[in-house]
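These notes concern the structure reproduced below.
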Amino acid sequence: MSKHVVILGAGYAGLRALHELQKGNNELKITLVDQNDYHFEATDIHEVAAGIQTSERITYPIKDVVKSACTTFVQGRVEKIDSENQLVHLKDQEAISYDYLIVALGYESESFGIPGVEEFSLKMVDIPTSEKVYQHLTEQMKAYKETKDENYLKIVVCGAGFTGIELLGSLHEGKKKLAEIAGVEPDKIQLYCVEAVTRLLPMFSEKLGGYGIDHLKKWGVNFLVGKPIKEIKQDTVVYLDNQETNELNELTAKTIIWTTGVSGSHVVGDSGFAAKRGRVMVKPDLTDADHENVYIIGDCSAVMDKESNRPYPTTAQISLKMGEHAGKNIKAQLKGEPTKEFTFKSLGSVASIGNSHAFGVVGKMEVKGYPASFIKKAIMDRSLFETGGVKEVLAKGRFDFYR
Ligand code: NAD
């Protein structure tokens with residue numbers, strides 16, 4: 001009887017695994033589960049939040065990449081994995097049994113237990129939350145028009161990691177459209193970023209990171225660095241202003257967006273896997289320590305980089321590689337062959353700041369400005385190709401580099 005592989009999650013890791021398993025397959029039965037009927041490009045959601053891109057532009061239907069001869073797509077919400085009985089429990093649907101499981105459930109916003117984050121700040125982790133940010137922004141602009149209260153024109157981004165920086169770049173670009181709604185000049189919309197540490201973007205050299213930050217400063221972004229956020233209250237960010245005296249200070253704004261980092265899906269820990277912040281330290285072949293038929297990949301997974309002796313960072317690039325690797329290892333297991341260790345050589349990473357500026361590292365080379373933006377779009381097209389193939393690249397790819 002043919003074996004059944006269940007893939008949980010249709011993000012970068014899950015869809016790349018699907019692609020690998022569907023290739024030349026005539027013996028496997030595959031089920032793909034996702035709560036949405038679309039895949040979204042998680043690296044681009046800040047553009048939707050800032051209103052410079054529509055969500056249609058960064059999503060495509062999952063059915064486009066499902067080969068119905070071997071794969072069934074189930075739209076449903078995974079609640080728990082019962083690895084002892086090899087069952088996946090879904091909300092309000094029948095459980096699915098598996099022979100092999102690929103857990104690729106992605107990430108969630110991490111509040112670090114800071115009071116008020118859930119209630120008083122906006123998340124930006126997927127399509128609905130990103131659309132909600134933009135909807136909120138447009139409402140604030142309309143409210144300014146009526147009240148002339150300048151707090152409606154203030155936007156605070158919490159955290160200056162990759163996500164926060166890319167969001168600030170897009171918000172700068174989105175200011176023009178927002179200003180029209182408010183009936184003001186774009187410069188009247190004030191962007192703030194509150195960040196805990198003083199050495200920003202530690203993955204880049206100080207000079208390169210500084211280039212990106214200086215660019216945003218030139219565009220008028222106000223950075224408050226070395227100011228850990230201690231609480232979010234209604235329309236207020238409370239931060240530690242002086243580490244020696246423990247003096248707190250407040251910044252008021254009607255829009256507060258929380259981008260201080262992510263954790264892996266809570267489902268993983270809830271299901272009894274040994275997760276820390278939703279990430280499981282997997283074996284070198286990407287299987288769970290206690291279950292050789294369960295692969296945990298993407299943002300739910302932590303894999304040791306032997307060179308640095310630290311887990312690899314979570315990126316779209318590594319998720320794609322993990323998806324491919326898990327697919328290949330399952331094929332090997334089915335043939336009774338040994339699985340292979342996962343290795344990863346980063347091709348580099350590039351942060352966009354708006355549509356035509358970016359900075360980052362490609363191979364060993366530092367890139368910045370318009371050429372970096374060109375490279376960033378090529379990287380995006382490549383990711384799109386790896387999950388969606390030629391069809392999606394032609395439909396949604398970024399060839400119009402001036403867009
Ligand atoms: P991150 O952890 O990289 O950055 C979060 C930032 O928030 C850090 O600078 C941190 O110091 C700050 N912070 C944390 N707690 C704070 C507090 N209480 N007050 C103020 N600041 C606080 O998280 P991210 O930016 O969401 O990125 C998550 C992962 O996704 C990273 O591995 C990142 O590299 C990756 N990513 C990559 C890309 C890309 O390659 N283009 C884009 C987005 C995200």
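For ligands, and for the atoms within them, numbers begin at 1 and follow the listed sequence. Values below: all heavy atoms of this structure, side chains included; hydrogens, waters and symmetry mates excluded.
- Using modelled atom types, no side-chain atom of E79 and backbone atom of D92 make a donor-acceptor pair closer than 3.5 Å.
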Under 3.5 Å donor-acceptor pairs involving side-chain atoms of residues 293-302, not counting sequence neighbours:
| residue | atom | partner | partner atom | Å |
| --- | --- | --- | --- | --- |
| N293 | ND2 | Q86 | OE1 | 3.0 |
| N293 | ND2 | D99 | O | 2.9 |
| Y295 | OH | Q333 | OE1 | 2.9 |
| S301 | OG | I296 | O | 3.0 |

Taking a 3.5 Å cut-off between nitrogen or oxygen atoms, can you list every pair linking ligand 1 to the protein, with distances?
| residue | atom | partner | partner atom | Å |
| --- | --- | --- | --- | --- |
| ligand 1 | 9 (O) | E195 | OE1 | 2.7 |
| ligand 1 | 9 (O) | E195 | OE2 | 3.2 |
| ligand 1 | 11 (O) | E195 | OE2 | 2.6 |
| ligand 1 | 18 (N) | I229 | O | 3.3 |
| ligand 1 | 19 (N) | I229 | N | 2.9 |
| ligand 1 | 21 (N) | A196 | N | 3.0 |
| ligand 1 | 25 (O) | F162 | N | 3.2 |
| ligand 1 | 25 (O) | T163 | N | 2.9 |
| ligand 1 | 25 (O) | T163 | OG1 | 3.0 |
| ligand 1 | 26 (O) | T163 | OG1 | 2.9 |
| ligand 1 | 32 (O) | T314 | O | 3.0 |
| ligand 1 | 32 (O) | T314 | OG1 | 3.3 |
| ligand 1 | 41 (N) | V350 | O | 3.4 |
| ligand 1 | 41 (N) | K376 | NZ | 2.9 |

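- Listed by first then second residue, pairs satisfying salt bridge (charged side-chain N to carboxylate O under 4.0 Å, His left out) with a partner in residues 218-230 read K227-D241, not counting sequence neighbours.
- Using modelled atom types and a 3.5 Å distance limit, the side chains of H357 and S373 yield no donor-acceptor pair.
- H4 meets the side chain to side chain donor-acceptor pair (under 3.5 Å) test with T31; sequence neighbours excluded.
- One side chain, T255 or H136, offers a donor N or O that lies under 3.5 Å from an acceptor on the other.
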